[in-house]
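Given the structure is predicted, the values throughout are model-derived calculations rather than measurements. Every heavy atom of this structure was used, including side-chain atoms; hydrogens, water molecules and symmetry mates were not.
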Amino acid sequence: MIEQFVKEALAEDVGRGDLYALVEPAVPASAKIIAKSDGVVAGQKYIDVLAKLENFSIQWLKSDRQSFHSGETIAVLEADSHTLLRCERTVLDMLLHASSIATLTRRYVAITEPYKVKLLDTRKTRPLLRIFEKYATRCGGAVNHRMGLDDSLMIKDTHLKTIQNLQSYIENARKVIPFTAKIEVEADTLFIAQEAMQAQADIVMCDNMTPAQVEEVVAFRNENYPHILLEASGNISLETIESYAKTGVDAISSGSLVHQANWIDLSMKMD
């Protein structure tokens with residue numbers, strides 16, 4: 001899957017061929033990827049595949065998950081000049097995209113980590129980039145939430161509109177879904193959260209609740225259903241996440257890890 005992604009990314013940029021190569025002959029060359037801002041590396045796994053496909057060598061001075069500072073060299077590439085120049089933009093775009101997500105994610109993790117709360121990503125990813133972007137959040141220190149509709153059963157508010165009896169639905173679902181699949185119910189009020197716990201959901205998501213409302217759910221869970229996991233979600237930002245981490249939930253999910261990540265500054269310089 002990674003190889004196909006990398007091939008398509010390169011093909012998008014190269015098109016029918018690099019016109020530069022029609023003019024100048026290839027010569028032995030090397031290049032450095034240099035950081036022009038601080039960040040966290042993500043994308044190494046994909047670029048290593050590109051290096052193998054295009055036959056260039058790459059020495060990583062900073063690896064996935066490692067922090068870097070402006071002015072540092074992240075990697076050194078060697079090949080003929082045609083190869084390096086043909087692959088330059090694809091290398092940088094993959095590294096920039098993934099590292100920017102990892103960099104923002106690390107800022108969130110720095111806030112949640114002292115409270116022993118897991119930071120989760122969401123399915124709010126760009127179409128066809130879910131695996132790539134969720135890989136990037138992992139490099140930043142987050143834990144992946146479900147990858148798609150097939151790896152756990154989440155009952156959202158839209159689903160609840162079609163369900164007459166939640167307890168009966170969950171009982172029937174246990175007979176149908178895979179044995180290892182969890183059931184999560186989205187709740188935007190204490191009443192719905194209580195109903196979900198009484199129906200024996202595995203996870204209850206406190207959606208768009210205030211920290212005070214989440215604390216009420218946590219208190220009810222701790223007293224009555226301590227085995228059920230609680231997740232907070234909905235419009236959670238760098239400014240508000242600590243107030244949710246303090247509530248006692250097990251995890252916090254945020255789509256902002258991906259859709260609010262601003263690109264950091266990296267460049268490739270030929271020696």
Classify the ring geometry between Tyr46 and Phe5 as parallel (under 30°), tilted (30 to 60°) or perpendicular (over 60°).
perpendicular

Spell out, as yes or no, whether a donor-acceptor pair under 3.5 Å connects the side chain of Gln66 to the backbone of Val41.
no

Can you confirm whether more than 12 heavy atoms, excluding those of Leu22, are under 6.0 Å from its CG atom?
yes

Are the side chains of Met268 and Ile74 in contact, using a 4.5 Å heavy-atom criterion?
no

Any donor-acceptor N/O pair, Asp121 side chain to Ala142 backbone, under 3.5 Å
no

Does a side chain donor of either Glu8 or Gln4 reach within less than 3.5 Å of an acceptor in the other side chain?
yes

State whether Asp64 and Lys45 are salt-bridged, where the test is any N-O pair (Lys NZ or Arg NE/NH1/NH2 against Asp/Glu carboxylate O) under 4.0 Å.
no

Min side-chain heavy-atom separation Leu129-His97 under 4.5 Å:
yes

Would you call Glu3 and Lys7 a salt bridge, using N to O less than 4.0 angstrom?
yes

Quick check against the 3.5 Å criterion: does Ser37 have a side-chain atom that pairs as donor or acceptor with the backbone of Ser70?
no

Just checking, any donor-acceptor pair under 3.5 angstrom between side chains of Glu231 and His145?
yes

Counting only N and O atoms by type, is there a donor-acceptor contact under 3.5 Å from the side chain of Arg221 to the main-chain atoms of Pro226?
no

Report yes if the side chains of Leu160 and Ile192 come closer than 4.5 Å at any heavy-atom pair, otherwise no.
yes

Residues Asp202 and Arg174 bridged, charged N to O under 4.0 Å:
yes

Please round to the nearest 0.5 Å and tell me the distance separating atom CD of Glu184 and atom OG of Ser233.
8.5 Å

Any Cys206 side-chain heavy atom under 4.5 Å of Tyr244 side chain:
no

Does Ala51 offer a backbone N or O that forms a donor-acceptor pair with the side chain of Glu54 under 3.5 Å?
no

Flag if over 12 foreign heavy atoms under 6.0 Å of CG, Asn235:
no

Say whether, by atom type as modelled, one donor and one acceptor occur between the side chain of Thr103 and the main chain of Val40 under 3.5 angstrom.
yes

pair Glu133-Leu257: side-chain heavy atoms closer than 4.5 Å
no

Pair Thr83, Asp80: side-chain N/O donor-acceptor within cut-off below 3.5 Å
yes

Please check: side-chain N/O of Arg86 versus main-chain N/O of Ser81, any donor-acceptor pairing under 3.5 Å?
no

Under 3.5 Å, is there a donor-acceptor pair linking the side chains of Glu242 and Tyr115?
yes

Under a 4.5 Å cut-off applied to non-hydrogen side-chain atoms, are Phe68 and Thr73 in contact?
no

Can you confirm whether more than 12 heavy atoms, excluding those of Phe56, are under 6.0 Å from its CZ atom?
yes

Does Asn165 have more than 12 heavy atoms from other residues, nucleotides or ligands lying within 6.0 Å of its CG?
yes

Tell me whether Arg65 contacts the main-chain N or O of Arg138 through its side chain, where contact means a donor paired with an acceptor under 3.5 Å.
yes

Any chance you could measure Ser67, atom OG, to Glu72, atom CD, to the nearest 0.5 Å?
9.5 Å

Would you say Thr105's side chain and Ile101's backbone share a donor-acceptor pair under 3.5 angstrom?
yes

Could you tell me if the side chain of His227 sits less than 4.5 Å from the side chain of Gln200, heavy atoms only?
yes

Quick one: are Arg146 and Arg123 in side-chain contact, heavy atoms under 4.5 Å?
yes

Heavy-atom closest contact (Ala187 atom, Met209 atom, distance):
O-CE, 3.3 Å

Between Ser99 (side chain) and Ala42 (backbone), is there a donor-acceptor pair under 3.5 Å?
yes

Give the minimum heavy-atom separation between Trp263 and Ser100, together with the two atoms involved.
CA-OG, 3.1 Å

